[in-house]
Q: 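Let me begin by handing over the structure; questions about it come next.
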Amino acid sequence: MTAKQRYARAMDWLYIACIGVSGLALVAITFMIPTGVFMRYVMNDPLSWPEPASVVLMVMFSFIGGAAAFRANVHVAVMALKNAVGPGMRRRMNLAVYACVTAVALFMIYYGIQLCIITHRSTVAEFPDLSQAVVYSPIPIAGVFTLLFLIERLWVGEPPKTSIMFADQATEAS
Amino acid sequence: MEAWILLGTFIGLCALSVPIAYSLGLAAIAAALWTDIPLEAIMLKMSDGTDDFALLAIPFFVLAGGIMAEGGMALRLVNLARVFVGFIRGGLALVNVLASTLFGAISGSSVADTASIGSVMIPQMVRAGFPRVFATNVTICGSVQALLIPPSHNAVIYSLAAGGTISITSLFLAGIIPGLIFGGCLIGLVLLISHRRGYPKGEPVKLREIPRVVIDALWGLGTIIIIMGGILSGVFTPTESAAVACVYAFLVTFFVYGDYKMRELPKLVHRVVKTVTMVMMLIGFSVAFGYMMALLQVPAKVTALFLSVSDNKYVFLFLVNILLLILGTFMDLAPLLLICTPIFLPVIAKFGIDPVHFGMIMILNLGIGLITPPVGATLFVGCAVGKVTMEEVVKELWPFYLAMLCALALVTYIPALSLWIPGMMK
C-alpha cells in the first residue's frame, strides 16, 4: 500500500468518525428532548439538563459534521461560472477555492483556540464542571479535520465513488 | 467602501465557486480586517450562530421527514390522494399534486418530496400514458408546496435569520393558505392541460378499500397533529415538537407500517448529518456576515436605495420578487434566506410590510428558484428520478412557471392570505 493509499484510508476512517460522532449526537438529542417533555408533563418533574446538553451536542454535531460535509463535497456552491470555463481555468479556480478553504480552516483553528482560551474559566450554567472551552473545542478540531481532508484532495484527489462517503446514496435514489 | 469590501468579496468568492458558507465567513473576515474590527468578534458571532436551541428544529424536521419518506409514507399518501381526485381526467397528475400537499405537511423539503412522491408517482403516470416529462414537471412543481405547508424548516431558518424576532408558530400558520393556493394553481393548470391533451382518467378507489387507505395515511398524518397541535396548545416549543415528531415517525414506520428496516437507519442518519451540518455551517458563518452587514449599515443603505426608486410598497414588492427570482436561479434557498433576510427586514419595516407575510413571499420566490436552471436542487433531483434531461424538462416548464407566478402574485399582493390564520390564533 502506497503512502497516498494509506492517507486516503486514514481519511476514510476520520470521515466515518466524524459522521459517527455527529450522528450519535443527533440521535442522542432526538431522545433527550422528548425525555424532557415526558418528565415535564407526565412525571411532573421538569429536568433542567436536556436543553443545555442538546445545545452542547449541537455545536459538536454542526462543526464536526461540517468538516465531513466538506469531504463529501455537499457544501452549496455556485458552479455556473466554473462549468462555463475551460479545463485550465477550472483548475486555477479549484486552486483558488482550496486557498480559501485553507484560510477558513486556519481561522477556525487559531481563533477557535483563542475562543476556548478566553472561555475556559467559565462553565455551562447547568453543568458546573463543564468548561465553555469544551463546548467550543469542536470549532478548532473541525478546522484541523477540514485541513486534513483538503490535503487529501490536493495530494490524493477526490475520493472514489466507492468510498464510504457515498454509502448513503443507494437509499436516496430508491 | 467598507460595505463594498464585504459584498464584493462575497460575490467574488461565490463566482469562484467557493462554498457559500466559507464565502460568507471570508467576506466577514475581509471586511473586519479592512475596518480594524478584531477577528475574535467574528469567531464569537460564528459560535453564537450555532448554539441557539431553536436551531435544533432544523435537523429534527429533516430527520422526521426522512424517516417518513423512506418508511412508506409517500405510497400511503398517494393512495389517500387517489380517493379524492384519482377518478377525474388527468387523475394521476392531480393525485401527484395532492400527495405533495399532504407530504409537505410531514417533510417540509421540496427535494425530499420530489424524491419520495416522484419515485412512486412518475412510473405510475408513465404506465398510465402520461408523458414522462409532464409527470416530472408535475412532481417538481408540486413539491414546492412542501416549503410553505407547515412544518417547514425553511420557516425556522427565516425566523433565525431574522434574529429570532419572528415567531416560528406564526410562520408555520402563515404558510397554510399560500401552500394551498399554490397547490390550487397547479391543480387548475393540470386540469386544463389534461383536458386539452386528453390525458387518461384514473381508476376510482373501491368503496370498501377507502377506510383502510384513510386509516393507513392517518397514522403518518398524525405527525402534523403532534407538531401543530403541540405548538398551538402550548405543550411544546417548535423544537420540542420536531423532536417528538421524530420519535413518533420512527415508531410509526418501524412498528405500524413495518416498511423500514433498522439497517437503513445509519444510512438515513448519515444523509441527514451531511445535509444538516452544511446548513448549520451556513447559519454560523451567516451570523458573522450579518453582524458585519449591520456594523457597516448595509441594510440601511439598501433601504435608502429602494426608497430612492419608489416609496410605493407594491412597486417595492414587485422589485423584490424580480430580484429574488433572479437570485434564486443561481443560489440555493437556505443561503439566500440567511443572506437576504437581515438586509430586507429594515426595508420592509419602512414600507409597513408584515415580516411574517414577507417570509412567505421570500420562501415562495426562492422555492420557485429551486426548479429554475442553472442551479435548482429540486430540478436536478426531479430529472434524476424522472430519468429525463434538464433540457427536456425546462422546455415544457413554462406553463408551470406561469401558474406558480400567479400563486406568487396572489401571496405577494394579498397579505391576508398569509396573515389571516396567524391573526386568528393570537
Q: If every non-hydrogen atom of M58(A) is compared with every non-hydrogen atom of T50(B), which pair is closest and at what distance?
A: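 The pair with the smallest heavy-atom distance is CE-O, 3.2 Å.
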
Q: Check L16(B) against V97(A) and note the closest heavy-atom contact, atom names and distance.
A: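 So the two residues come closest at O-CG2, 3.4 Å.
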
Q: Using non-hydrogen atoms and a 4.5 Å limit, figure out which bit of F285(B) sits close to chain A: side chain, backbone, both or neither.
A: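 Answer is side chain: those atoms of F285(B) sit under 4.5 Å from chain A.
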
Q: Just so I understand: if I count every heavy-atom pair under 4.5 Å between each of R40(A), M32(A), Q114(A) and chain B, which residue has the most?
A: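 Of R40(A), M32(A), Q114(A), R40(A) has the most heavy-atom pairs under 4.5 Å with chain B.
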
Q: Heavy-atom count around M39(A) CE within 6.0 Å, excluding the residue itself: above 12?
A: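 Count over threshold, so yes.
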
Q: Which bit of V279(B) comes within less than 4.5 Å of chain A, counting heavy atoms only: side chain, backbone, both or neither?
A: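 For V279(B), no heavy atom lies under 4.5 Å from chain A.
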
Q: Let me know if F53(B) has heavy atoms under 4.5 Å from chain A in its side chain, its backbone, both or neither.
A: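 When you check distances to chain A, atoms from both the backbone and side chain of F53(B) fall under 4.5 Å.
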
Q: Let's test your reading of the structure: which of F63(A), Y110(A), Y136(A), F107(A) forms the most heavy-atom pairs below 4.5 Å with chain B?
A: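 Looking at each option in turn, the highest pair count goes to F107(A).
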
Q: Hey, what's the ring geometry for Y22(B) with F70(A), parallel, tilted or perpendicular (30° and 60° as the breaks)?
A: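 Judged by the thresholds at 30° and 60°, the geometry between Y22(B) and F70(A) is tilted.
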
Q: Where on L265(B) is there a heavy atom nearer than 4.5 Å to chain A: the side chain, the backbone, both, or neither?
A: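 No part of L265(B) comes within 4.5 Å of chain A.
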
Q: Is it the backbone or the side chain of I283(B) that comes under 4.5 Å from a heavy atom of chain A, or both, or neither?
A: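 Neither the backbone nor the side chain of I283(B) comes within 4.5 Å of chain A.
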
Q: Which region of V76(A), side chain (C-beta onward) or backbone (N, CA, C, O), has a non-hydrogen atom less than 4.5 Å from a non-hydrogen atom of chain B, or is it both or neither?
A: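 Both parts, backbone and side chain.
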
Q: Looking at G112(A), G20(A), P50(A), which makes the most heavy-atom pairs under 4.5 Å with chain B?
A: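 Top count of heavy-atom pairs under 4.5 Å with chain B: G112(A).
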
Q: When rounded to the nearest 0.5 angstrom, what distance separates OG1 in T30(A) from CD1 in I67(B)?
A: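 Those atoms lie 8.0 Å apart.
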
Q: Please look at I29(B) and chain A and tell me whether the side chain, the backbone, both or neither of the residue comes under 4.5 angstrom of a heavy atom of that chain.
A: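 Contact with chain A involves the side chain of I29(B) alone.
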
Q: Please rank I33(A), L81(A), V27(A) by heavy-atom pairs under 4.5 Å with chain B and give me the top one.
A: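 Highest number of heavy-atom pairs under 4.5 Å: I33(A).
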
Q: Between Y41(A) and chain B, with a heavy-atom cut-off of 4.5 Å, which part of the residue counts as in contact: side chain, backbone, both or neither?
A: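 It is the side chain, since no backbone atom gets that close.
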
Q: Inspect the surroundings of CZ in F31(A) and state if more than 12 heavy atoms from other residues, nucleotides or ligands are less than 6.0 Å away.
A: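 Result for CZ/F31(A): enclosed.
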
Q: Using non-hydrogen atoms only, which part of I139(A) is less than 4.5 Å away from chain B: side chain, backbone, both, or neither?
A: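 Contact with chain B involves the side chain of I139(A) alone.
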
